[in-house]
Amino acid sequence: EVKQEPEEPDIDVWELLKNANPNDYEKIAFQYGITDLRGMLKRLKRTRREEKKSAAFAKILDPAYQVDKGGRVRFAVELADPTVELKWYKNGQEIRPSGKYIFEHKGNERILFINNCTLTDDARYHVTAGDEKCSTELFVREPPVIVTKGLEDTNAYIGDKIELSVEVSEEDANVKWFKNGVELPLDSKSRYKVKIEGKKHTLIIEEGTKADNATYSVMTTGGQSAAKLKVDCE
């Protein structure tokens, strides 16, 4: 059985984390494809300490922006004085116009478009107007990972090596395994091992026992699948 998550409205993960209980951070990070949760929280904390009132900017950047991988993002500020020289920066390096970076002027508004966003665009940006600046964070979100080939019900005998396999839409995907709804430990001490070959993820039980009779399931950021394992005596 394979279930894909319904299309969700465009969620502002920054706002979600900002208002979330810290106990929910890991769950939110998994659900929305955040690979560097610690780094993201550090960056979010930094945005809270900024921005003060500005004489140069009639309207400053939002504290954070979010875009899906492959998408386009728009940064915009409004200048109090349109004659002031304005420059854009990414991680402290000045941005020059190109096919990737498009600059636009509309009256007092200054706009930067970033096209075809990748994970390398996930960074801190700032814009200067004369001696003043305002900053933002851009978070690039990975597309949801879906289950393309689900788990299948399996019968085995005690002592057998048992393998349960699933295929997903992306390589290097984060896939979580569960037994009767409880997440499986997959550390070095666990009797459960996972083998990953490209988009195929396989749960391995070296020697099946009656205690392995259960419903096993997997969860990705965009889907889930479940199947029953039955272990019998010979």
Side-chain angles (χ1 to χ4, degrees), residues 1-11 13 16-17 23-40 66-71 116-120 122 139-234:
E1 183 189 5
V2 176
K3 291 182 182 176
Q4 305 304 351
E5 297 298 314
E7 281 291 317
E8 297 190 12
D10 191 20
I11 303 273
V13 178
L16 203 62
L17 282 171
N23 293 333
D24 294 329
Y25 285 165
E26 291 285 348
K27 181 180 174 184
I28 293 168
F30 177 77
Q31 187 176 358
Y32 294 100
I34 300 166
T35 53
D36 180 16
L37 175 62
R38 185 176 294 178
M40 185 174 190
Q66 174 186 300
V67 65
D68 285 338
K69 187 177 174 182
N116 191 26
C117 288
T118 68
L119 294 182
T120 60
D122 188 288
F139 298 107
V140 180
R141 191 172 75 168
E142 290 271 25
V145 175
I146 63 172
V147 176
T148 56
K149 185 178 180 183
L151 296 170
E152 296 180 354
D153 290 343
T154 301
N155 294 315
Y157 292 108
I158 291 173
D160 282 355
K161 181 179 180 179
I162 300 166
E163 296 189 355
L164 304 174
S165 294
V166 67
E167 293 183 19
V168 297
S169 57
E170 302 283 335
E171 293 191 5
D172 301 319
N174 190 359
V175 175
K176 293 191 175 185
W177 290 86
F178 300 83
K179 176 184 178 182
N180 290 336
V182 178
E183 187 173 354
L184 288 173
L186 297 173
D187 54 32
S188 58
K189 298 176 183 176
S190 174
R191 63 186 296 264
Y192 303 100
K193 307 298 178 191
V194 170
K195 179 172 66 175
I196 301 172
E197 301 167 292
K199 299 176 183 178
K200 183 178 180 181
H201 293 241
T202 303
L203 180 72
I204 300 171
I205 304 170
E206 285 294 341
E207 291 187 17
T209 70
K210 292 288 280 184
D212 295 316
N213 279 305
T215 296
Y216 291 82
S217 58
V218 295
M219 184 183 293
T220 66
T221 54
Q224 53 188 303
S225 175
K228 291 180 179 176
L229 171 63
K230 186 178 180 184
V231 183
D232 288 320
C233 299
E234 296 242 11

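Everything quoted here is computed from the prediction, not taken from an experiment.
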[atom1]/[X] to [atom2]/[Y] distance, rounded to the nearest 0.5 angstrom?
{"X": "S225", "Y": "K149", "atom1": "OG", "atom2": "NZ", "result": "11.0 Å"}
{"X": "D212", "Y": "D160", "atom1": "CG", "atom2": "CG", "result": "11.0 Å"}
{"X": "K228", "Y": "L164", "atom1": "NZ", "atom2": "CG", "result": "14.5 Å"}

Which atom pairs, donor and acceptor, lie under 3.5 Å between side-chain atoms of residues 198-207 and protein residues at least two apart or in another chain?
residue, atom, partner, partner atom, Å
T202, OG1, S165, OG, 2.8

### Task
For residues G150 and V166, report the shortest heavy-atom separation together with the two atoms involved.
CA-CG2, 4.2 Å
### Message
To check you understand the geometry: which heavy-atom pair defines the closest contact between V145 and S169, and what is its length?
### Response
CA-OG, 3.6 Å
### Message
Looking at E163, I want to see if its CD is surrounded by more than 12 non-hydrogen atoms of other residues, nucleotides or ligands under 6.0 Å.
### Response
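Count over threshold, so yes.
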### Query
Is a side-chain N or O of T148 found less than 3.5 angstrom from the main chain of I146, in a donor-acceptor match?
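A pair under 3.5 Å: no.
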### Query
With distance as the sole test, does N213 use its side chain to make a donor-acceptor pair with the main-chain N or O of V231 at under 3.5 Å?
yes
Sequence neighbours left out, cut at 3.5 Å: what donor-acceptor pairs do the side chains of residues 180-189 make with other protein atoms?
residue, atom, partner, partner atom, Å
N180, OD1, T215, N, 2.9
D187, OD1, K189, N, 3.1
D187, OD1, S190, N, 3.1

Heavy atoms, side chains only, cut-off 4.5 Å: are [X] and [Y] in contact?
{"X": "W177", "Y": "L151", "value": "yes"}
{"X": "R141", "Y": "T221", "value": "no"}
{"X": "Y192", "Y": "K179", "value": "yes"}

